[in-house]
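All heavy atoms count here, side chains included; hydrogens, waters and symmetry mates do not. Letters go in sequence order (proteins before strands), and every chain restarts at 1.
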2 protein chains.
Amino acid sequence: MISFDTFRGTEGTPIYQQILLFIKRGAVAGTIRDGDELPSRRMLSALLGINPNTVQKAFRMLEDEGLITSQPGAGSNMTLTPQKLDALKEELLKDDIRSITSALRQMGIDREEALRLIEENWQESEEEPAGSGEGEEHE
Amino acid sequence: MISFDTFRGTEGTPIYQQILLFIKRGAVAGTIRDGDELPSRRMLSALLGINPNTVQKAFRMLEDEGLITSQPGAGSNMTLTPQKLDALKEELLKDDIRSITSALRQMGIDREEALRLIEENWQESEEEPAGSGEGEEHE
DNA sequence: TTTACTGTATTATATGACTAATACGGTCGT
DNA sequence: ACGACCGTATTAGTCATATAATACAGTAAA
């Protein structure tokens, strides 16, 4: 069963998108694997303190993308193939990397300073994990 | 007069926030300076193809933050001090850097790969400037 | 089989973002 | 003074997000 321990709100972005991102990133990281069972919509909505319909929307979109399979009565499970994972990783990385380079460029930050800033913050967030569920959801 | 040549929509984020970011980042970059005149709300809304009220909302928030000053009849001008610029730079950098490190970490990317990805994309976006107005808005 | 959970669907309401259409008064150049 | 532009304000409508309250059918374990 997938754990949502490390779920953190991404500020202003819609909740259903946060759920999408959380699961997709987990899949890319390998902490969420093919066949893994997801918490039920009602369960997850209670855990996150949000409306069941919001969870339903996210799960519906995941199913439309072919990343999960749901059956009435039974629950929902991840359906991941290496191909999907590759596509997912490229999609997510492309968006994230593009946005940060665009942002730093607009602020007149040069390549060296950009790399330095990332490296600095990497260490800080290592000391203060800001959401360390240890990633031990499996077996 | 500030130029909005390089203005690009940041996908799904609200337009008024995009305007805020564009101006703030320009200020941090030094392409928008103290005393600079902004285009009128009507002019800018026409240029961007959006509603005047949306521009008004952004300008209103900029004024609430003390970054611009407006007078009925006359236009609006930037009111930047070194202190404001420092605070602005730190605020923007903190948000951007934090979001990218958080995203890459959630995907299981390590420090070396993160730096490599940024560096790669930096060069690509250098060849294909993705919004190069030459930044010659001044004097 | 009954009970308790699943996924799924529907209708209603509230709020924020954005658009639209106006209106009022201040400033500036002629 | 006049006209063309400024900032400012108000009211209304649309759309997406999120909540709320149900309802129905399928599955699984007791």
Novice: Which atoms form the tightest heavy-atom contact between B:L88 and B:A27, and what is the distance?
Specialist: CD2-CB, 4.1 Å
Novice: Pairs under 3.5 angstrom only: tabulate donor-acceptor contacts from the side chains of residues 108-117 of chain B to other protein residues two or more places apart or in another chain.
Specialist:
residue, atom, partner, partner atom, Å
B:D110, OD1, B:E112, N, 3.4
B:D110, OD1, B:E113, N, 2.9
B:R111, NE, A:E119, OE2, 3.2
B:R111, NH2, A:E119, OE2, 2.7
B:R116, NH1, B:E120, OE2, 2.8

Novice: Can you name the residues that form a ring-ring contact (aromatic ring centres under 6.0 Å, His included) with A:F4, not counting sequence neighbours?
Specialist: A:F22
Novice: Please report the shortest heavy-atom distance between A:D96 and A:S99, naming the atom on each side.
Specialist: O-OG, 2.9 Å
Novice: How does each nucleotide of nucleotides 14-19 of chain D score, in 5' to 3' order, for protein heavy atoms under 4.0 Å: base (B), sugar-phosphate only (S), or none (-)?
Specialist: ---SSB
Novice: On DNA chain C, which is the earliest and which the latest nucleotide, 5' to 3', with an atom closer than 4.0 Å to a heavy atom of chain A?
Specialist: C:dT6 to C:dT10
Novice: Is any side-chain heavy atom of A:R41 less than 4.5 Å from a side-chain heavy atom of A:S70?
Specialist: yes
Novice: Shortest non-hydrogen contact from B:M78 to B:R33?
Specialist: CB-O, 3.5 Å
Novice: Tell me, which of residues 70-80 of chain B have any heavy atom that sits under 4.0 Å from an atom in DNA chain D?
Specialist: B:S70, B:Q71, B:P72, B:G73, B:A74, B:G75, B:S76
Novice: Specify the closest pair of heavy atoms between B:L104 and A:L93, including all atoms of both residues, with the distance to one decimal.
Specialist: CD2-CD2, 3.6 Å
Novice: Counting any heavy atom closer than 4.0 Å, what does B:R60 reach on the DNA or RNA strands: base, sugar-phosphate only, or nothing?
Specialist: nothing
Novice: Could you check how far CZ of B:F59 sits from C1' of D:dA9, rounded to whole Å?
Specialist: 17 Å
Novice: Going by heavy atoms in the side chains, are A:D64 and A:R60 under 4.5 Å from each other?
Specialist: yes
Novice: Check each of A:T31, A:L44, A:I32 against A:I2 using the side chain to side chain contact (heavy atoms under 4.5 Å, CB included) test, and report the only one that passes.
Specialist: A:I32
Novice: Do you know the tightest heavy-atom contact between A:G66 and A:T79?
Specialist: O-OG1, 3.0 Å
Novice: To the nearest Å, give me how far apart CD (B:Q56) and P (D:dA9) are.
Specialist: 7 Å
Novice: Under the side-chain contact (heavy atoms from CB on, under 4.5 Å) rule, collect the residues that match up with B:T81, sequence neighbours excluded.
Specialist: B:Q83, B:K84
Novice: With heavy atoms under 4.0 Å as the rule, sort B:E63 into base, sugar-phosphate or nothing.
Specialist: sugar-phosphate
Novice: Could you state the CG-P distance from B:D64 to D:dT8, rounded to the nearest angstrom?
Specialist: 10 Å
